[in-house]
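All values below come from the heavy atoms of this structure, side chains included, with hydrogens, waters and symmetry mates left out. Everything numeric here is computed off the predicted structure, so don't read it as measured data. Sequential numbering from 1 along the given sequence is applied to the chain's residues.
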Amino acid sequence: MRTRSRRLAVGAVAMALLLTACGGSGGGDGTGGLAGIEEQQRGVNDINPVAREQVRDGGDLRWPLDAIPDNFNINHVDGNLLDNRDIVEALMPGAFVREADGSVSLDEDYFTSIELTSATPQVVTYTINPAATWGDGTPLTWRDLQAQWQALNGTNPAYLPADTAGYDSVASVERGVDDKQAVVTFASPYAEWRAMYEHIYPAATNADPEAFNRGWLTSIGTTAGPFRAETVDTTAQTITLVRNERWWGEPAKLSRIIYRVVERGALADALANNEIDYYRIGSDVNLSARARGIPGVVVRQAVEPLFNHITFNGGPGAILSDPALRRAIVQGMDRQAIASALVGQIVPSIAPLNQFIFVQGSENYVDHAQGVAYDPAAANAALDALGWVSPGEGQVRARNGQPLNVRYVATAGNPISERIVAITSQQLRAIGVGVEVIPAASPDLFDQYVTPGNFDMIGFAYSGSPFPITDSREVFVSGSESNVSRINTPEIDALFAQASAELDDVKRIELCQRIDQALWEQMPLVPLYQATGAVAVRGTLVNFGAKGFADLDYTEIGFTG
C-alpha cells in the first residue's frame with residue numbers, strides 16, 4: 001500500500017511519549033520466520049553497520065519507489081509521502097535526527113545547539129552551524145526558519161501545508177545574536193517542540209505561496225544536504241542524486257543514489273536481475289519468500305511505526321457520514337483474519353492494531369477497540385437498528401430507497417492493497433454492504449482520490465515518528481488539509497489542543513488515551529495491522545536496511561567489497 005506520513009508537520013518532543021518500545025530487532029540472517037513485535041528487542045535496528053573507513057568509496061545505490069512524488073516539497077499536503085521522505089532526507093536540512101530507540105538527537109551538520117531557553121513564555125533558541133549553506137551558495141540563516149513558520153502556521157490560506165502543528169503555537173521567529181541564530185517564541189506552550197523544523201526549505205520557497213505549492217512539483221529546487229539532485233526524469237521514472245560538492249560535513253560514501261519506479265510485482269525480479277539493491281517486503285509473503293532465494297541477498301527486520309489502515313469518507317453528504325454506521329461496518333470486519341492472511345506467514349503472532357495514537361510495543365499502548373470487535377451478528381443488528389434493511393441473505397441493504405453501496409478505492413497492481421480489498425469486501429458483503437472496487441494507479445492515488453475525497457473507503461499506510469501527538473493531530477482535527485476523512489468533532493479538537501500544550505508527561509498521556517477512545521467512537525479510519533519492517537537487501541550494502549524508528553545517515557551508506 002502507498003504510505004503517507006502522519007508526521008505531517010512538526011511539534012515537539014516529550015520524552016515520556018517517545019515510542020521507545022518500538023525500536024525493533026535484528027535477525028536478518030535470511031533464514032526462518034520473523035519475530036513478532038512483542039518478541040523483539042527494543043531500540044535496535046538492522047542496517048548491517050560497518051565503520052566508515054571500511055566502506056568502499058563510490059558506487060550507486062539503486063532504490064525502488066512506488067511512484068515519483070506528487071510534490072518534492074514534503075511540507076506540502078501532496079508531498080507528504082514516505083517515498084518523498086526517502087529522497088528529501090538526503091537533500092534537506094533538519095533540526096533533529098531520529099534514533100533507533102525512539103529518541104531524537106541534534107543534527108550537528110545543521111545546528112550547533114537547539115535549546116529551550118525559557119519556559120514562560122516558551123522560547124527555543126536555534127543556533128545554526130556556521131558552515132551550513134544552500135546549494136546556490138546562500139548561507140542557511142534565521143530567515144529560513146522564519147519563512148517556514150510563516151508558511152506553515154495556518155494563517156495564510158494560500159499555503160497548503162500538510163501540517164501546522166507547533167508552528168500555529170508560535171508568536172514570533174526573530175534574529176538572535178547574529179544571522180545564524182533564530183529565537184522562536186511561543187504564544188502558547190507546545191510540548192513536542194523538538195518535532196518542528198524536521199525538513200527546512202529555503203526562504204524563497206516558503207515566502208511565496210506559489211513557490212510553496214507548485215515550485216517543487218516536477219523538479220527539485222535549492223537543497224543543502226550531502227547529495228544534490230542531478231535529474232528528475234518523469235519519462236524514465238527515475239530521480240538521480242549525486243554528491244553535493246558544497247557539502248561541509250563528512251562526504252557521502254556513495255557516488256549516486258538512483259531512485260526508480262518499480263511495480264511491486266516486479267521488485268523481486270528487479271533485485272535478482274541486479275537492477276535494484278533492496279526492496280521493502282512489508283506484507284508480501286511472496287516477496288519474503290523470493291528474497292530468501294536470491295543469491296547474495298539477506299532479509300533484515302526492525303519493527304517500524306508504520307501501519308496499514310482503511311480511511312472512511314465521512315464528509316457532508318457521504319454515505320458513511322454517520323459514525324454509528326461506520327462502527328457497524330467495522331464490527332463486520334475481521335481484522336485479525338486480514339492481518340493473519342497478509343502477514344501471518346511472516347509474523348505468526350501478528351495482531352490487529354487497536355490504537356490510533358500509540359503503536360504496538362509502546363508502553364502507552366492500550367487496546368480501546370473492544371466496542372467494535374469483530375461480531376457479524378452485532379453488526380447486522382446495528383445496521384437493522386439504523387434502518388438499513390436487508391431484502392435477503394447476500395443482498396445489499398437499503399434505507400429509504402438508497403442502497404448501502406460504498407466505493408472502495410484500491411491501488412491497482414499492488415498485491416497487498418488488492419488482497420486487503422478482496423478480503424474486506426467479502427466480509428462487508430456478508431453483512432449486506434455493497435462494495436464497488438475502484439482501481440487507482442499508484443501515482444493517482446492521492447491527487448485524484450485521497451486529497452479530493454473521491455472515495456467512500458480507501459487504503460494506504462501511515463508512518464509515524466517519535467512525536468505521537470504531532471503525528472496524529474492533523475489527520476483528525478478540523479480545518480486540516482491532511483484530515484482526508486473529513487471527520488472531526490469539537491471534543492477531539494479540544495483534546496488535541498490540550499495534549500499539545502500539556503507539559504506534564506502523565507497528564508499528556510492521559511489526554512492521548514482520551515483522544516484514542518474518542519476516535520474509536522467516531523471511526524475516521526480503522527487501523528489494520530502494524531508493518532513487519534522487513535526488507536530484502538543486497539548483502540554487500542552496509543549502513544542501510546531495516547531502519548526501524550531511526551533515520552538513515554546518507555553519508556555512511558555504501559558497499560563493501
Do Tyr197 and Trp149 pass the side-chain contact (heavy atoms from CB on, under 4.5 Å) test, and can you show the C-alpha distance, the side-chain angles, and the key distance before you say yes or no?
-> CA-CA 9 Å; Tyr197 295 111; Trp149 159 61; 3.7 Å; yes
Please report the shortest heavy-atom distance between Asn206 and Gln148, naming the atom on each side.
-> ND2-OE1, 3.1 Å
Roughly how far apart are Asn364 CG and Glu510 CD, rounded to 0.5 Å?
-> 11.0 Å
Side-chain donor-acceptor contact under 3.5 Å, Trp216 with Thr205 | yes
Are the side chain of Gln181 and the backbone N or O of Val177 linked by a donor-acceptor pair below 3.5 Å?
-> yes
Between Ala207 and Ala147 the two heavy atoms that sit nearest each other are N-CB, 4.4 Å
Flag the pair Glu89 and Lys547 as a salt bridge only when some basic side-chain nitrogen lies within less than 4.0 angstrom of an acidic carboxylate oxygen.
-> no
Worked verdict on Tyr159 versus Phe212 for ring pair (Phe, Tyr, Trp, His ring centres under 6.0 Å) = CA-CA 7 Å; Tyr159 289 91; Phe212 180 88; 5.4 Å; yes
Contact summary for Asp516 and Val366, nearest pair of heavy atoms = OD2-O, 4.3 Å
Side-chain H-bond candidate by donor/acceptor type, Glu474 with Ser480, under 3.5 Å = yes
Within the side chain of Asn71, is there an N or O that forms a donor-acceptor pair under 3.5 Å with the backbone of Asn73?
-> yes
Run the side-chain contact (heavy atoms from CB on, under 4.5 Å) check on Asp551 and Arg85 step by step: do they pass?
-> CA-CA 10 Å; Asp551 287 329; Arg85 182 184 179 88; 3.0 Å; yes
Residue pair Ser465, Asp471: steps toward the side chain to side chain donor-acceptor pair (under 3.5 Å) verdict = CA-CA 7 Å; Ser465 81; Asp471 281 351; 2.7 Å; yes
Residue Arg214 excluded, over 12 heavy atoms near CZ under 6.0 Å = no
Pair Glu115, Thr125: side-chain N/O donor-acceptor within cut-off below 3.5 Å = no
Looking only at heavy atoms, the pair that brings Asn483 and Ser478 closest together is ND2-N, 4.5 Å
Find out whether Leu325 and Leu320 are in side-chain contact, i.e. whether some heavy atom of one side chain is under 4.5 Å from a heavy atom of the other.
-> yes
Lys180 versus Asp178, closest heavy-atom pair with distance | N-OD1, 2.9 Å
From CG (Asp367) to CG (Asn354), nearest 0.5 Å | 4.0 Å
Does atom CD of Gln448 have more than 12 heavy-atom neighbours, drawn from other residues, nucleotides or ligands, at distances under 6.0 Å?
-> yes
Out of Asp456, Asn313, Asn454, which one pairs with Arg407 under the side-chain hydrogen bond (donor to acceptor under 3.5 Å, both in side chains) rule?
-> Asn454
Could you please spell out the steps behind the ring pair (Phe, Tyr, Trp, His ring centres under 6.0 Å) verdict for Tyr259 and Trp63?
-> CA-CA 5 Å; Tyr259 301 92; Trp63 189 320; 5.2 Å; yes
What is the ring orientation for Tyr190 with Phe186, classed by angle as parallel under 30°, tilted 30 to 60°, or perpendicular over 60°?
-> parallel
Could you tell me whether the side chain of Asp553 and the main chain of Ile557 form a donor-acceptor pair under 3.5 Å?
-> no
Quick one: do His309 and Val526 satisfy side-chain contact (heavy atoms from CB on, under 4.5 Å)? Show the steps, please.
-> CA-CA 6 Å; His309 77 282; Val526 55; over 6 Å; no
Would Thr138 and Asp136 count as having a side-chain donor-acceptor pair, cut-off 3.5 Å?
-> yes
Value rounded to 0.5 Å, distance of CD in Gln360 from CZ in Phe307 | 10.5 Å
From CA spacing to verdict: ring pair (Phe, Tyr, Trp, His ring centres under 6.0 Å), Tyr110, Trp248 | CA-CA 10 Å; Tyr110 299 108; Trp248 55 92; 5.7 Å; yes
Point-to-point distance, once rounded to the nearest 0.5 Å, from OH of Tyr554 to CG of Leu91 | 8.5 Å
Applying side-chain contact (heavy atoms from CB on, under 4.5 Å), run through Arg327 and Gln522 and close with a yes or a no.
-> CA-CA 8 Å; Arg327 289 196 303 272; Gln522 291 298 316; 5.7 Å; no
Gln355 side chain to Gln513 side chain, donor-acceptor N/O pair below 3.5 angstrom | yes
Minimum heavy-atom distance Gly102-Pro466, with the two atoms named = O-CB, 3.1 Å
Would a 4.5 Å heavy-atom cut-off, applied to side chains only, mark Val372 and Trp520 as touching?
-> yes
If the plane angle is over 60° it's perpendicular, under 30° parallel, otherwise tilted; pick one for Phe476 and Phe496.
-> parallel
More than 12 heavy atoms of other groups within 6.0 Å of Gln517 CD = yes
Looking at Val232, Leu217, Asp78, which one forms a side-chain contact (heavy atoms from CB on, under 4.5 Å) with Phe72?
-> Val232
Residue pair Ser283 / Tyr529, side-chain donor-acceptor N/O under 3.5 Å = yes
Does the ring pair (Phe, Tyr, Trp, His ring centres under 6.0 Å) test come out yes or no for Tyr462 and Phe460, once each step is laid out?
-> CA-CA 7 Å; Tyr462 274 131; Phe460 51 99; 5.2 Å; yes
Note: Arg326-Glu521 ion pair, threshold 4.0 Å (strictly below) | no
Partner set under salt bridge (charged side-chain N to carboxylate O under 4.0 Å, His left out) for Arg246, not counting sequence neighbours | none
So, Glu230 versus Thr240: side-chain donor-acceptor pair below 3.5 Å or not?
-> no
Mind running salt bridge (charged side-chain N to carboxylate O under 4.0 Å, His left out) on Asp168 and Arg473 for me, showing each step along the way?
-> CA-CA 12 Å; Asp168 59 3; Arg473 194 188 81 157; 2.7 Å; yes
